[in-house]
2 protein chains.
Amino acid sequence: MRIVIADCSVDYSGRLTAHLPLARRVLMVKADGSVLVHSDGGSYKPLNWMSPPCRLTEAEPDEAQAQAGVTGVWTVQNTKTDDRLVVSLHEVLSDTSTELGVDPGLVKDGVEAHLQKLLAEQITLLGDGHTLVRREYPTAIGPVDILAKSAGGASVAVEIKRRGDIDGVEQLTRYLELLNRDPLLAPVDGVFAAQEIKPQARVLATDRGIRCVVLDYDAMRGIDDVDSRLF
Amino acid sequence: MRIVIADCSVDYSGRLTAHLPLARRVLMVKADGSVLVHSDGGSYKPLNWMSPPCRLTEAEPDEAQAQAGVTGVWTVQNTKTDDRLVVSLHEVLSDTSTELGVDPGLVKDGVEAHLQKLLAEQITLLGDGHTLVRREYPTAIGPVDILAKSAGGASVAVEIKRRGDIDGVEQLTRYLELLNRDPLLAPVDGVFAAQEIKPQARVLATDRGIRCVVLDYDAMRGIDDVDSRLF
DNA sequence: AGCTAAATATCGAAA
DNA sequence: TTTCGATGTTTAGCT
């Protein structure tokens with residue numbers, strides 16, 4: 001990992017073209033040759049960057065560039081596409097390199113897959129007497145998160161989201177349209193289950209006869225823990 | 001901008017919980033208090049981070065932590081949510097601060113609006129004899145990207161995307177339904193135009209009688225350049 | 001302010 | 001390998 005702090009201007013060309021005017025910035029060069037250009041604000045996203053696979057070449061400025069105060073030019077060329085990042089360095093305040101080694105990587109917990117697993121285990125959250133048919137029930141346009149049966153024996157298709165948006169309702173609507181063509185399943189009711197359901201999504205769902213269920217992740221995880229202790 | 005290179009472990013809790021085992025990493029502390037944890041690989045995305053608004057507090061390790069080799073603990077707390085990032089520092093190799101100032105920001109060029117402009121200029125890409133009626137043709141549920149007429153005089157509504165997804169087909173379907181109610185326009189054919197069309201989107205479009213057209217951005221831009229030179 | 005769509009998205013799993 | 005959906009998405013545009 002090489003970190004350079006310098007006054008620089010940056011030009012990118014690839015899917016789009018973009019330009020960064022001269023200013024003081026942090027340049028991060030990773031071991032794989034990728035380059036990140038960071039400012040002292042904004043989010044974790046760099047102002048500009050080049051993703052691997054790519055190669056960094058350093059060159060002296062030509063006469064006109066030198067005249068403009070450029071002391072060095074970095075060209076970062078993607079080795080598979082024609083994406084290119086050109087950094088024109090003016091004053092360089094710092095240039096240090098450190099060996100970091102390979103990172104052991106991130107351990108995550110608590111995503112949508114977990115929600116699906118938990119709801120499958122606690123299927124009666126959909127209503128008393130509900131039973132699980134299967135998770136990832138396959139259809140021609142993709143798998144339905146959960147297929148269940150209600151106490152009355154009707155099929156229930158469940159779409160699970162962390163954040164319930166209009167897109168999710170549209171998705172479930174398509175599944176329902178398809179599933180209801182299957183005489184072995186029809187009629188199929190829809191349930192839109194999410195940790196948080198946006199008002200517009202709720203309105204659309206209700207309008208289409210789709211039931212909304214808000215999932216309490218912590219509570220579900222808690223019950224899961226209790227089960228783990230009991231068995 | 002403060003940059004620290006150190007052996008550290010990191011814990012995040014918020015929307016999810018995540019843990020980074022002890023390893024050598026780069027910590028970037030921006031002027032707004034946000035923190036980025038970078039390794040020497042991957043993309044521009046940090047291994048872990050805290051977005052502003054947030055506050056960084058540094059503390060001494062407790063006895064147990066000190067016993068484990070921890071020399072300092074950073075707690076980065078989001079000031080609006082209960083998201084929290086905890087960095088346990090072991091050996092610190094480097095700790096430097098630099099004043100960067102406010103960045104003038106990125107200048108972009110060449111996105112979806114450009115695709116629309118190019119297709120309007122090269123409307124015969126839809127088929128011989130096609131003529132442009134207008135871009136951004138207004139309807140009650142929003143403007144259609146392009147309205148054209150085919151050689152046979154039929155109306156053609158075009159939805160343009162950079163990446164053609166199912167959403168875009170749904171959007172075009174809604175437009176077509178509305179436009180076909182207008183006796184002055186009906187019948188209106190649909191064309192789904194994108195740089196890249198996902199298979200599922202293509203299936204859905206075809207099923208609904210919507211034609212798919214893949215746009216070659218570079219070729220269209222090339223022709224545009226030729227035109228620019230001629231006139 | 002709130003919502004929707006795009007992104008040089010990135011990332012991971014499944015087919 | 002390609003495709004597809006999720007993301008602590010982030011970001012920009014619009015109502």
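Chain letters run A, B, ... following the sequence lines, proteins first and then strands; every chain starts at 1. Since we're looking at a predicted model, the values are computed, not measured.
Heavy atoms from other residues, nucleotides or ligands lying under 6.0 Å from CZ of B:Arg55 number 12 at most.
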Checklist entry - What is the per-nucleotide protein-contact pattern of nucleotides 9-15 of chain C, from the 5' end, where B denotes a base atom under 4.0 Å from a protein heavy atom, S denotes such proximity for sugar-phosphate atoms only, and - denotes neither? => result SSS----
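Within the model, atoms CG of A:Leu185 and OH of A:Tyr137 stand 4.0 Å from one another, a figure rounded to the nearest 0.5 Å.
Between B:Asp7 and B:Arg24 a salt bridge is recorded (basic side-chain N to carboxylate O distance below 4.0 Å). The pair B:Glu170-B:Arg174 does not meet the salt-bridge criterion, since no charged nitrogen lies less than 4.0 angstrom from a carboxylate oxygen.
Going from atom OH of B:Tyr175 over to atom C1' of C:dA5 covers 11 Å, rounded to whole Å. D:dT7 atom P lies 19 Å from atom CG of B:Leu47, rounded to whole Å. Protein atom CG of A:Asp145 is 13 Å distant from nucleotide atom C1' of D:dC4, rounded to whole Å. Between A:Arg135 atom CZ and D:dG5 atom P the separation is 17 Å, expressed in whole Å. Distance CG (A:Leu106) to C1' (D:dT7): 12 Å, rounded to an integer number of Å. Rounded to whole Å, the distance from CD on B:Glu159 to P on C:dA5 is 10 Å.
Side chains of A:Gln77 and A:Arg84: a donor-acceptor N/O pair is present below 3.5 angstrom, by distance only.
Heavy atoms only, all atoms of each residue included: B:Asp40 and A:Thr98 are closest at OD2-O, 4.4 Å.
B:Arg211 meets the salt bridge (charged side-chain N to carboxylate O under 4.0 Å, His left out) test with no other residue; sequence neighbours excluded. Partners of A:Glu58 according to the salt bridge (charged side-chain N to carboxylate O under 4.0 Å, His left out) rule, which considers only residues two or more places apart in sequence or in another chain, are A:Arg2. Every residue meeting the side-chain hydrogen bond (donor to acceptor under 3.5 Å, both in side chains) condition with A:Thr81, not counting sequence neighbours, appears here in chain and number order: A:Asp83.
A heavy atom lying under 4.0 Å from DNA chain C marks none of the residues of residues 19-36 of chain B.
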Next on the checklist: Test side chain to side chain contact (heavy atoms under 4.5 Å, CB included) on A:Leu47 and A:Val10; report intermediate values, then the result.
Outcome noted: CA-CA 10 Å; A:Leu47 292 166; A:Val10 183; over 6 Å; no
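Residue-to-nucleotide proximity on DNA chain D shows that, of B:Tyr12 and A:Lys80, the 5′-proximal contact is made by A:Lys80.
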Pull out every protein N or O sitting under 3.5 Å from an N or O of nucleotides 13-15 of chain D, one pair per line with the distance.
none

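Proximity of a side-chain donor or acceptor of B:Arg202 to a complementary backbone N or O of B:Ile197 within less than 3.5 Å is not detected.
Residue A:Met50 is out of contact with every strand shown, counting any heavy-atom pair closer than 4.0 Å.
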